[in-house]
Each structure stands twice: as C-alpha cells, then as structure tokens.
Protein chains: 2
Amino acid sequence: MPTDAVFTALADPTRRTVLDTIAARAGITATELAADLPVTRQAVAKHLHVLAAAELVAGERAGRETHWRATPAPLNDAIAWMARVGSAWDDRLAALERSAHGPRRAP
Amino acid sequence: MPTDAVFTALADPTRRTVLDTIAARAGITATELAADLPVTRQAVAKHLHVLAAAELVAGERAGRETHWRATPAPLNDAIAWMARVGSAWDDRLAALERSAHGPRRAP
DNA sequence: ACAAAAGGCAACCAGATGGTTGCGGAAAGG
DNA sequence: CCTTTCCGCAACCATCTGGTTGCCTTTTGT
C-alpha cells in the first residue's frame, strides 16, 4: 500500500519541513534545502529519498544539480484514509472525504 | 505541537488498524482489540498510549476493563497541514483547507 | 473465599531510523 | 587543466521503537 509510505514519510518533523519548503520553492536543490536546516546535506538527501519513495516529491537531474518538486497525489490518499476513519464517528469529515474523491484536475 | 504526535501516531500500520477498529467499534477493550491482531495485548496497550498521547483516542475505566473511544479533533489539524502544503502547488487542495477550517461543530 | 480474567508496570531485545563522517565521480568555471 | 561544487554511496553510531515475557494488582463470578 502506498499510503503506508506516505504516513511514514510524514512522521518525521524535519521531513515535513523539507516537503513544506519544496512545495513553496519548486526546483530547489538538496544543498539549498540543507542550508536552511540544522542537518547535513546527506541527511536531507536521505529524507528526499524517503519522500520520493512515497511519491511525494520527484527529482530531476540537470547537469550537476538535482531539482526537486512536490507531487501532490499521494496526499489525497492519506486525507481520504483519515476522512474514512473519521467518518465513523464524525460525519462532517465524511463531507471532506467526498471532496477528496471529487473531480480530479485534468492530467 | 500536537500535530507532531498525530503524525507519529499514524505512522505505524498496526496503530492505524487499532484506530480504525476503535472508530468502528466504540467501547472496545484492549484485550478485544488484541484478539483480532497478530500482536500481544501489551503491544496493543502501548499503541493505545501513543494514540492517547496524540489525543486520537480516550479510555475510560469501568471496573475491571477499560473502554476506548476515538476522538476526532486532532485529525483535523493533520488534514489542515496537508491541505496547506498541498495548496502551494495545487489549489484544489486549497478548497479542502477552507473546508477543514470551516464552521466547527458546537462543542 | 478463591480462581479466572483484565489491565498496568518493568525489563529486555532486535531491528529500524535519523544522523554523522568520509570518499569518489561528474559537471562548471576559471 | 585544475579547482570547485554538487551529488551519490557506504560505513558507522546512538537512539527510538515495536514487540516480547514476566509479575503484580484489581475486579468479577462461582
């Protein structure tokens, strides 16, 4: 199940910061990311691999550097799971679920 | 931040199953939960403590046994975080965020 | 009164995880 | 050409984590 990888990826706070930053600054590199964080570039690289395994980010190598961008799709699965569980006792979340399963943007 | 605890709690698949089951069967006990899982009761008890730390479940002792129920609120924070990050590159998720921040049910 | 059943606490263990340092290779730039 | 810079790979380390077993307390039921 890919949802597994998504929740695993989101569990670490540093990884969430990385994802957050990539979402805000598409095309950023691992070195640039590490500059803003209290960890080394290699640590960031590891986090990027975990996020990539969950298909939350994708990197594209351009010559010497790799540019990372966020890919939204898997977050929907996670939101849908929470909405499904939540809907068992809170039907307001059920509305969220319907929204998450709603019309997809044309690919 | 309590969101931290939520993502941590949701990271483990067994714990998600536990939460799922509690959401479906309110008032269930740890022993009953363990019967349906390939782990011991103590392992389930540990998971329940993690879920309780994230305020996703609450237990009430009734004599010899403890009945567990799910508490929805913290899931909203997690969904809101994902929607916020997602909205940076996908405005369809921004609509979800508005929904999650919308009118709260009266407490 | 006493055995059975539920739960809590503690110790312990193997493996995953987040982090580091060190090195080697490939592209840029002078 | 040579240095710099960016990346990837590998080894290594400490800690966290999910799980177990063992024991003790409390409640229930006969």
Side-chain angles (χ1 to χ4, degrees), chain A residues 1-22 25-70 74 78, chain B residues 1-22 25-70 74 78:
Chain A
M1 237 163 295
T3 311
D4 229 83
V6 174
F7 280 117
T8 300
L10 295 179
D12 184 74
T14 302
R15 212 144 47 211
R16 284 199 303 276
T17 303
V18 168
L19 179 58
D20 207 337
T21 308
I22 294 180
R25 299 173 54 190
I28 198 173
T29 68
T31 304
E32 288 170 332
L33 277 163
D36 288 350
L37 290 168
V39 295
T40 60
R41 174 186 60 86
Q42 286 85 346
V44 172
K46 280 194 185 181
H47 286 309
L48 286 170
H49 289 151
V50 175
L51 288 168
E55 296 181 41
L56 286 167
V57 301
E60 194 178 0
R61 186 117 193 207
R64 186 167 49 167
E65 45 197 30
T66 301
H67 299 280
W68 296 88
R69 60 190 168 81
Chain B
M1 240 163 289
T3 311
D4 228 84
V6 174
F7 280 118
T8 300
L10 295 179
D12 184 74
T14 303
R15 212 146 46 213
R16 284 199 302 275
T17 303
V18 167
L19 179 58
D20 207 337
T21 307
I22 295 181
R25 301 173 52 191
I28 199 172
T29 68
T31 304
E32 288 170 331
L33 278 164
D36 288 350
L37 290 167
V39 295
T40 59
R41 174 186 60 85
Q42 285 84 346
V44 172
K46 280 193 183 180
H47 285 309
L48 286 170
H49 288 152
V50 175
L51 288 167
E55 296 181 42
L56 286 167
V57 301
E60 194 178 0
R61 186 115 193 209
R64 183 166 52 168
E65 46 197 29
T66 301
H67 299 281
W68 296 88
R69 61 191 168 80

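No hydrogens, no waters, no symmetry mates; every other heavy atom, side chains included, goes into these values. To find a chain, count down the sequence lines: A is the first, B the second, and so on, and within it residues start at 1.
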Sequence neighbours left out, cut at 3.5 Å: what donor-acceptor pairs do the side chains of residues 62-69 of chain A make with other protein atoms?
| unit_1 | atom_1 | unit_2 | atom_2 | d |
| --- | --- | --- | --- | --- |
| A:His67 | ND1 | A:Gly27 | O | 2.6 |

- Query: Could you state the CD-C1' distance from B:Glu32 to C:dA6, rounded to the nearest angstrom?
  - Reply: 11 Å
- Hits for side chain to side chain contact (heavy atoms under 4.5 Å, CB included) against A:Ala78, two or more places apart or cross-chain, chain-then-number order -> A:Val6, A:Phe7, B:Met82
- Residue pairs fulfilling salt bridge (Lys or Arg N to Asp or Glu O under 4.0 Å) with at least one residue in residues 31-40 of chain B, sequence neighbours excluded: B:Arg25-B:Asp36
- Message: How close do A:Ala54 and A:Ala5 get, counting heavy atoms only, and between which atoms?
- Response: CB-O, 3.5 Å
- Task: Specify the separation, in whole Å, of atom CG of B:Asp4 and atom P of D:dC16.
- Result: 14 Å
- Item | Sequence neighbours excluded, every pair satisfying side chain to side chain donor-acceptor pair (under 3.5 Å) that has a member inside residues 39-60 of chain A | A:Arg15-A:His47
Below 3.5 Å between N/O atoms, which protein atoms pair up with nucleotides 27-30 of chain C? Just atom names and distances, please.
| unit_1 | atom_1 | unit_2 | atom_2 | d |
| --- | --- | --- | --- | --- |
| C:dA28 | O4' | A:Arg64 | NH2 | 3.3 |

- Task: Assign B:Ala45 to base, sugar-phosphate, or nothing according to its heavy-atom contacts below 4.0 angstrom with the strands shown.
- Result: nothing
- Quick one, give me the B/S/- string for nucleotides 15-20 of chain C, reading 5' to 3', where B means a protein heavy atom under 4.0 Å from the base and S means that only happens at the primed atoms, P, OP1 or OP2. ---SBB
- Note on the structure: The residue among A:Leu33, A:Val44, A:Val18 that forms side chain to side chain contact (heavy atoms under 4.5 Å, CB included) with A:Val39 is A:Val44
- Message: Rounded to whole Å, please give me the gap between CD1 in A:Ile28 and P in D:dC6.
- Response: 13 Å
- Task: Round to a whole Å and report the spacing from CD of A:Glu60 to P of D:dC6.
- Result: 19 Å
